[in-house]
Q: 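This is the structure I have questions about; it appears just below.
Note that the structure is predicted; figures quoted are calculated from it, not measured. Counting starts at 1 for both ligands and their atoms, in listed order. For this chain, numbers begin at 1 and follow the sequence in order.
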Amino acid sequence: MQEKYSGSHPNIWYPFTPIKGAPTPLKVTSGNGAWIELAGGKQLLDLISSWWVNVLGHARPEIADAIHGQAKCLEHVIFAGFTHEPAEKLAETLAGKLPGRLNRVFYSDNGSSAVEIAIKQAWQYWANLGEKRESFICFDHGYHGDTFGAMSVSARSLFTDVYKELLFPVESVPYPVTWRGDDEIQEKEAAALGRLTQLLEQNPKRYAAIIIEPLVQGAGGMRMCRPEFLQALRRLSHEHDTLLIFDEVMTGFGRTGAWFACERAGIEPDVIALAKGLTGGFLPLAATVCSDSVYEAFASADPAKTLFHGHSYTANPLGCAAANATLKLLEQNEYAFKNLEQEHIEHLAKLEDHPKLDKIRVTGTIAAMDIKTADRPGYLNQVSAIIKRKAFEQGLLLRPLGNVLYLMPPYCITRDELAQAYRGIAAILDEL
Ligand SMILES: *Cc1c(COP(=O)(O)O)cnc(C)c1O
């Protein structure tokens, strides 16, 4: 079945894909709204927003037009010593949307780089103040990207194992995961905060920053925590004088039902990393936004205090134009991401007692659940491939993380389409 639509190519090395044994990739010819179309005409309902980037639906004409208009005017200019309107406008909008003093936008072009920059900013912040900090605190099961700094602050896992000697050492603490009907969350939060306090008290000036995926850990298995935990984390990092970095590469731009997870939690981190949804899935662009006080530590004519980082495509005007169009559309359609949580909850209520399901959870536009299997839980769990195949047969694009099944649709998904997705999932679960 899949072979017929296959797009296997002799000259491409595909990411995150074993060279042997993996199904050949499906060739996609077009996209429209929440749907993608394969060569041969089959339609798939995109329930993962194409690797979590497509917040507004495929091939949105408004974003396409913005890119077209910008391309005819200025496609690129070096961003050192030069600036341009689309980048300035985007920075103003981001600073306006983000809480408090998160006002300085540093551009790059993917989430991993946005995280690298956040790490460098936090590290050099202390160096510029004349302090030597030695390490970072991060969270079990965290995922922050595939470059070396980002891997270092991510959980040690199958993804990073082969490079472990090359990663810098960090301290990792438990992420207090919760789900619907969980009655032990207070104990889990207390344990995580206890461990954090212990680390910070034992070595008062050791950590440059704490980095976390706020509200939802993505690739680690759609693990969710409460806003209350993030509020306590903010208090703790203030008390112990360390920076707090929010990796909102996945949670940003409406994913959690608010513009940003930090907004939903009602707190202000010192640095925030943004990418994925920023351009509506059209072009690679990322931003690391820091507070005025972090920026001030770099405000010097001394070259040793300069942040020596930059990519050739930094603040690419086409990317900025796509982002400006995306933010405008999000502004006009806030209800689309604000309403999805309630819709998920209504559908999940019907699945609540399904014998194959455990730990059902929702945050904003993201719904997730663990599938009970005899196999070991985790990324390599075999149920993933089975669900992927059955979903494909039903016209649904689902890509479980091991035994974690999740839905993260573009916000344009209609009530009927979401109902279709949940009907399909119920049928798949019944067959397992
Ligand atoms: C995807 C992701 C990244 C990495 O972003 P890329 O654009 O894939 O490099 C970093 N952090 C989080 C939380 C992510 O989900």
Q: Geometry only, no angles: is A275 polar-contacting ligand 1 at N/O separations under 3.5 Å?
A: no
Q: Counting heavy atoms only, which part of V249 comes closer than 4.0 Å to ligand 1: side chain, backbone, both or neither?
A: side chain
Q: Which atoms of ligand 1 sit under 4.0 Å from any heavy atom of W52?
A: 15 (O)
Q: S112 to ligand 1: N or O pair under 3.5 Å?
A: yes
Q: Passes side-chain hydrogen bond (donor to acceptor under 3.5 Å, both in side chains), S157 versus D161? Steps please.
A: CA-CA 6 Å; S157 73; D161 204 37; over 6 Å; no
Q: For ring pair (Phe, Tyr, Trp, His ring centres under 6.0 Å), just list the numbers for F79 and H84, CA-CA rounded to whole Å, side-chain angles, deciding distance to a tenth of an Å, and then say yes or no.
A: CA-CA 8 Å; F79 204 61; H84 53 78; 5.4 Å; yes
Q: List every atom of ligand 1 that sits less than 4.0 Å from any heavy atom of M250, numbering the atoms from 1 in the order shown and giving each element.
A: 15 (O)
Q: Which ligand 1 atoms are under 4.0 Å away from a heavy-atom of G111?
A: 4 (C), 5 (O), 6 (P), 7 (O), 9 (O)
Q: Show me which atoms of ligand 1 lie under 4.0 Å from any heavy atom of D247.
A: 10 (C), 11 (N), 12 (C), 13 (C)
Q: Taking 4.0 angstrom as the limit and counting only heavy atoms of H144, give me the atoms of ligand 1 inside it, by number and element.
A: 10 (C), 11 (N)
Q: Enumerate the residue pairs fulfilling salt bridge (charged side-chain N to carboxylate O under 4.0 Å, His left out) with a member in residues 52-61, sequence neighbours excluded, ordered by first and then second residue.
A: R60-E62
Q: Before we go on, tell me: are the rings of F168 and F148 under 6.0 Å apart, centre to centre?
A: no
Q: With a 6.0 Å cut-off on ring centres, are F260 and F253 close enough?
A: yes
Q: Check whether the side chains of E171 and S135 place a donor and an acceptor atom closer than 3.5 Å, and report yes or no.
A: no
Q: Looking only at N/O atoms, are K276 and ligand 1 under 3.5 Å apart anywhere?
A: yes
Q: Suppose I only count heavy atoms of E213 and a 4.0 Å limit; which atoms of ligand 1 are within that range?
A: 13 (C)
Q: Give the C-alpha distance, both sets of side-chain angles, the deciding distance and a yes or no for side-chain hydrogen bond (donor to acceptor under 3.5 Å, both in side chains) between N110 and S113.
A: CA-CA 5 Å; N110 62 79; S113 295; 3.1 Å; yes
